[in-house]
Amino acid sequence: MQPMELPAVQPTVLTGIQPSGVPTLGNYLGFFKPALSFQATHRAYYFIVDHHAITARQAPADLLANTREVAAWYLAAGLNPENPNNPATLFVQSHVRAHVELGWILNTFTQMGELERMTQYKDKSVQHAQNINVGLFGYPVLQAADILLYNATDVPVGDDQKQHVELCRDIALRFNHHYGTSTFHVPKHTIPPHGARVRDLQDPTKKMSKSRPGLGCVLLTDTPEEVEKKFKRAVTDSDTGPDAIRYAPEEKPGVANLLEIIAGCRDQTPQQAAVQLHGQQYGALKAEAAAAVNAMLQPLQAAQQGWLQNTQKLDDVLRRGAAQAEPVANATLARVKAAMGYLPPL
Ligand code: AQP
């Protein structure tokens, strides 16, 4: 059988987020904002990874509500499915069945040892010690399938996901090499210059995470008062000198986190934010961070509520998105199966 050729690859972006809770400020600065900037230059696929979210137990009502709510955050953050020149595609992972099928196939191109080395698996095994399921272990394989199905050239993710995208590259190269084909396009990850790892305000050694809500975690749904309270209590250090506010991530992780947050909200660098606050005390830094976050959150929250009030329109976007994604995913799956010698459906 002749191998089926990889179509000419155009710049294509693909990335996703789990509907596992209310997204955090970390998800916004490290994910939504940088990922959506690719719409201007790339064929863009954004999705909601519900199959990934079930690797930790989700209450059915929460999974259902969170899936629409995350779709509404994407749209509020600027995803534009109506752009006449280059509409972005937004869809739900489970609406395109090829993800699971390719994930199964790629399991056979992934070594146990590779998955055992994944930092997220190690962290989540501690976080969900009662439920270390096979899906949690195989999470990066399904993620590789997600990426490869759309011939993605760029995968914008936060710092924590870099290792998974590197594994995806290894799997794609291994498959192509084994069959002597160019079945998969090998993607690259893109880490945003700032906001790649927004840290927990109470413990700047940890990333801010939607499954670890609390005083250290700013949620996109927080009121201005909640945001102010969380920043007021943010952990810094005991430095009181005139140089206390400076950007030194190793030496002063709490302060660096606040500067990165201000910078991420205002499209500047953390060094620029530090210069503007030079000579002031930490109270001023915390107040400035809260003000920057609130100014960014208020229009975002209003836009998200607008989408949630019109679920019919929201569902239409998701339905059209799946219809656009499915043929692309199915074509890749057909190429994979042809390369491997599967008998096509008769
Ligand atoms: N604190 C963060 N700073 C920068 N980027 C972040 N991301 C997550 N937290 C931060 C990025 O957001 C994208 C979507 O994340 P996800 O929902 O797929 O899962 P995650 O990385 O495990 O994020 P959470 O918030 O910690 O979710 P839970 O608690 O459900 O596991 C990814 O690109 C991620 O890098």
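Order of appearance sets the numbers: ligands from 1, and atoms from 1 within every ligand.
Compare R212, K124, K207 by their heavy atoms: the one nearest to atom 20 (P) of ligand 1 is in K207. Of the listed residues (S20, P34, G16), the one carrying the non-hydrogen atom nearest atom 30 (O) of ligand 1 is S20.
When non-hydrogen atoms are compared, ligand 1 lies under 4.0 Å from the backbone of V198 as well as from its side chain. With a 4.0 Å cut-off on non-hydrogen atoms, R199 does not touch ligand 1 at all. Contact annotation for R197 and ligand 1: only backbone heavy atoms (N, CA, C, O) come within less than 4.0 Å of the ligand.
Between Y45 and Y150, the ring-plane angle classifies as tilted under the 30° and 60° cut-offs. Under the 30°/60° scheme for interplanar angles, the aromatic rings of H99 and F91 are found to be tilted. Ring geometry for Y179 against F109 counts as tilted: the plane angle lies between 30° and 60°, on a 0 to 90° scale.
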Residue pair D239, K252: steps toward the salt bridge (Lys or Arg N to Asp or Glu O under 4.0 Å) verdict: CA-CA 9 Å; D239 200 349; K252 300 166 76 69; 2.9 Å; yes
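Under the 4.0 angstrom criterion for non-hydrogen atoms, T24 is not in contact with ligand 1.
The salt bridge (charged side-chain N to carboxylate O under 4.0 Å, His left out) analysis of residues 73-90, with sequence neighbours excluded, yields the pairs E82-R320.
Backbone and side-chain nitrogen or oxygen atoms of D159 are examined, and none is located within less than 3.5 angstrom of a nitrogen or oxygen of ligand 1. Among the atoms of G30, none of the N or O lies under 3.5 angstrom from an N or O of ligand 1.
The ligand atoms of ligand 1 that sit less than 4.0 angstrom from a heavy atom of V157 are 33 (O).
Y46 is listed as a side-chain neighbour of F38, based on a closest heavy-atom distance under 4.5 Å. C168 has its side chain within reach of P187: a pair of non-hydrogen atoms, C-beta onward, lies under 4.5 Å apart.
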